[in-house]
Amino acid sequence: MLIAKIGGAMEFYVCAKCGYVAFDVPAEVCPICGAKKDAFKLDKNAIKKPVDPNNLSELEKKHIPLLKIERKCGLINSGCLDVNIKIGEITHPMQQEHFIMYIDVYLDKNFIARYHLTPEKLNPALGIHLKVGSGKLLVLENCNLHGRWIKEEML
Ligand SMILES: [Fe+2]
């Protein structure tokens with residue numbers, strides 16, 4: 001069973017320019033678009049939560065990221081930890097009118113990457129190669145119709 005937990009009383013500050021979400025406190029400077037702190041607005045509903053994590057609806061199953069952590073990659077000899085990300089236990093559509101716009105990745109609530117996805121050409125999936133081997137990984141996806149959803153997992 002998939003369970004998406006949003007730990008504690010996390011607060012979300014959203015960049016008005018690019019939609020980047022900072023956790024707990026607004027960023028001094030947006031790591032994606034460079035907007036200043038005053039561009040960030042507190043939005044408690046910035047990230048959707050499942051109504052009942054033990055009994056997900058079809059909409060929730062299509063949007064909550066699935067993470068598959070592989071400890072033996074081999075692509076980078078000095079150390080590489082693969083995380084394969086798929087959007088949705090039920091695979092999310094990737095059509096012009098309904099698609100995953102981007103996937104943001106954080107480690108211990110600190111931003112590490114944004115990946116933009118193109119509809120029609122890509123599946124709603126991503127493989128990343130981490131240089132670090134521990135911490136709490138947080139993956140956030142943004143659907144053009146249904147908003148932001150997250151999944152957290154310890155490495
Ligand atoms: Fe969607």
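Only heavy atoms go into these numbers, but all of them, side chains included; no hydrogens, no water, no symmetry mates. Order of listing sets the numbers, starting from 1, for every ligand and every atom in it.
Under the 4.5 Å side-chain criterion, counting only non-hydrogen atoms from C-beta, Val132 is not in contact with Leu81.
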Self-check item: Arg114 and Asp104: CA distance, side-chain angles, deciding distance, salt bridge (Lys or Arg N to Asp or Glu O under 4.0 Å) verdict
Solution: CA-CA 4 Å; Arg114 170 170 287 187; Asp104 286 348; 2.7 Å; yes
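Between Asn144 and Gln96, the shortest heavy-atom distance links the atoms ND2-O, 4.2 Å.
For the pair SG of Cys143 and NE2 of His92, the angle at the Fe ion (ligand 1) is about 100°; rounding is to 10 degrees.
His146 contributes ND1 as its N, O or S atom closest to the Fe ion (ligand 1). Counting just the N/O/S atoms of His98, the one with the shortest distance to the Fe ion (ligand 1) is named NE2.
Side-chain atoms of His92 never come within 3.5 Å of backbone atoms of Gly88 as a donor-acceptor pair (strictly under, hydrogens ignored).
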